[in-house]
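Have a look at this one.
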Amino acid sequence: MAIRSLLLPLAMLVLATSSAAVAQLEIGFYSKTCPDAEKIVLEEMAKIIAAAPSLAGPLLRLHFHDCFVRGCDASVLLESTDGNVAEKDAKPNKSLRGFGSVERVKAKLEAACPGIVSCADVLTLMSRDAVVLAKGPFWPVALGRRDGRVSSATEASNELPPASGDVPLLAKIFASKGLNLKDLVVLSGAHTLGTAHCPSFADRLYNTTGENGAYGLVDPSLDSEYADKLRLKCKSVDDRAMLSEMDPGSFKTFDTSYYRHVAKRRGLFRSDSALLFDTTTKDYVQRIATGKFDGEFFKDFSASMIKMGDVGVLTGAEGEIRKKCYAPN
């Protein structure tokens, strides 16, 4: 398969992001214990995305939300119990989708190699394959993550980057995970895939306060024509029925059009628009928005995804290998 041929030339990207904690992650980690692991994931993902192309964005988002809370340990997949409210039930995670697809891929791996491949690795591979199947870049995934046993809604609420955040706040959150300002603007490009419910952005349409104290205005950082179109879809801040494309016109395709929308003040979230208010992030947005540097963005996105996939990983004897991704063993 052409994808496999990319593993060796891109492997140096992984080595460049190695740290002491990540050193135990390896390309080909399952080569002896489950040699077809990546093939099984990709084949099942191809079926999932063929049947539901709109799932590419949600599966990528699942990986993001996992890595920003306790690291990439699949804690976002755990169900709440009588004594604990898990990450997936935190307010920022209420709209997450794709859990069933993760269980579907994990079941295939359990049938082939029982108790070998972690849910954390499954989710990391699925997010990569979601991008590839949406016509985005391929990158090698170093494997060997283990699954966490703890999941906290409170931690998720406190640690996830908010859609309403400005660059200083987002940069601080990213820095706490070992990610820099370039990673912030590059990984924001993931918003080229997927949709969002009105409550995540409708405050920009109805609840902005003007300089004179007037309330209920449209966010001035949002293009007025685009705002009018959004108001036709979202009738109120609490409208949970309607979905809006994060990258209108190509929300199922991984490309650079997201940056063209942001450059025109048509980013859906406040965090998208905020990229134009910092010199570093604005320069990157405007450069990629020209459409002349798609290859550069694909390379940057691959490198940033590798870095994010290494955040706070459990390896060796830490954690466990869950049999079912939604519950500890």
Side-chain angles (χ1 to χ4, degrees), residues 21-22 24-26 29-30 33-34 37-38 40-42 44-45 48 55-81 84-90 92-131 141-157 159-161 177-178 187 190 305-329:
V22 177
Q24 295 177 68
L25 297 183
E26 300 173 27
F29 180 83
Y30 299 111
T33 55
C34 192
E38 290 196 49
I40 290 169
V41 174
L42 179 57
E44 202 60 26
M45 275 294 293
I48 290 168
L55 267 179
L59 289 170
L60 180 56
R61 186 174 175 230
L62 262 183
H63 181 49
F64 273 70
H65 282 231
D66 182 41
C67 293
F68 271 85
V69 184
R70 291 188 164 265
C72 309
D73 67 344
S75 54
V76 75
L77 303 176
L78 290 171
E79 296 277 3
S80 294
T81 62
N84 179 67
V85 182
E87 290 173 32
K88 68 184 298 184
D89 290 318
N93 286 339
K94 288 288 190 181
S95 59
L96 289 179
R97 297 165 51 216
F99 296 100
S101 295
V102 178
E103 295 297 339
R104 173 176 163 175
V105 173
K106 172 65 170 172
K108 286 285 184 179
L109 288 164
E110 284 297 302
C113 319
I116 299 296
V117 184
S118 69
C119 296
D121 276 346
V122 170
L123 187 53
T124 306
L125 286 170
M126 288 179 71
S127 68
R128 188 271 309 277
D129 291 346
V131 171
V141 175
L143 301 169
R145 296 166 190 78
R146 290 173 65 86
D147 300 324
R149 298 186 177 96
V150 177
S151 184
S152 164
T154 300
E155 289 181 1
S157 296
E159 296 182 29
L160 286 170
K177 309 302 176 185
L187 291 175
M305 284 296 290
I306 289 170
K307 282 180 69 176
M308 189 185 75
D310 291 345
V311 171
V313 295
L314 302 175
T315 59
E318 299 172 310
E320 64 182 8
I321 305 297
R322 286 183 220 144
K323 294 180 175 65
K324 300 282 188 180
C325 292
Y326 59 80
N329 293 339

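Count residues from 1 along the sequence. As the structure is a computational prediction, the values presented were derived from the model and not from experiment. Because only heavy atoms are used, hydrogens play no part in the values below, and waters and symmetry mates are left out as well, while side chains stay in.
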Check your understanding: What distance separates I321 CD1 from E110 CD, expressed to the nearest 0.5 Å?
Key -> 9.0 Å

Check your understanding: Which heavy-atom pair separates I116 from C34 by the least distance, and what is that distance?
Key -> CG2-CB, 4.0 Å

Practice item. Spell out, as yes or no, whether a donor-acceptor pair under 3.5 Å connects the side chain of S151 to the backbone of S75. Key: yes

Check your understanding: Just how far is it from atom SG of C67 to atom CG of L123, taken to the nearest 0.5 Å?
Key -> 7.0 Å

Review point. Under 6.0 Å from the NZ atom of K324, do we count more than 12 heavy atoms belonging to anything else shown?
Key: no

Practice item. Please determine if E159 and R70 form a salt bridge, counting it only when a charged side-chain N lies under 4.0 Å from a carboxylate O. Key: no

Check your understanding: Got a donor-acceptor contact below 3.5 angstrom from the D147 side chain to the P328 backbone?
Key -> no

Review point. Where the side chain of N93 meets the backbone of E87, is there a donor-acceptor pair that is under 3.5 Å apart?
Key: yes

Check your understanding: So does K88 pair up with E79, basic N to acidic O under 4.0 Å?
Key -> yes

**Study point:** Interatomic distance, L160 atom CG to D66 atom CG [nearest 0.5 angstrom]
**Key:** 10.0 Å

Review point. Is L125 close to V105 at the side-chain level, that is, under 4.5 Å between some pair of heavy atoms?
Key: no

Revision key, fill the gap. The single option from R149, R146, R145 that satisfies salt bridge (Lys or Arg N to Asp or Glu O under 4.0 Å) with E320 is R149

**Study point:** Heavy-atom side-chain contact between N84 and L78 under 4.5 Å
**Key:** no

Study note, to complete from the structure: All heavy atoms of T124 vs all of S127, minimum pair found to be O-OG, 2.8 Å

Check your understanding: What are the two closest non-hydrogen atoms of F99 and L77, and how far apart are they?
Key -> CD2-CD2, 3.8 Å

Practice item. Indicate the atoms forming the closest heavy-atom contact of E38 with V141, along with that distance. Key: OE2-O, 4.4 Å

Check your understanding: Is there a side-chain contact between M45 and L59, using heavy atoms and a 4.5 Å cut-off?
Key -> yes

Point to revise | Atom pair CG/OG1 of L143 and T315 - distance to nearest 0.5 Å | key: 12.5 Å

Check your understanding: Of the non-hydrogen atoms in E103 and C325, which two are nearest, and what is the gap between them?
Key -> OE2-CB, 3.1 Å

Review point. CG of D121 to CG of L25: how many Å apart, nearest 0.5 Å?
Key: 7.5 Å

Practice item. Go through the steps for V69 and V76 under the test side-chain contact (heavy atoms from CB on, under 4.5 Å), then give the verdict. Key: CA-CA 8 Å; V69 184; V76 75; over 6 Å; no

Exercise for review: State, yes or no, whether a side-chain contact exists between M305 and F64 at a heavy-atom distance under 4.5 Å.
Suggested key: yes

Review point. Mind checking whether V313 and Q24 have side chains closer than 4.5 Å, heavy atoms only?
Key: no

Check your understanding: Where is the tightest heavy-atom contact between S157 and A90, given as atom of each residue plus distance?
Key -> OG-CB, 3.7 Å

Review point. Which distance, rounded to the nearest 0.5 Å, do you find between the CZ of R128 and the NE2 of H63?
Key: 10.5 Å

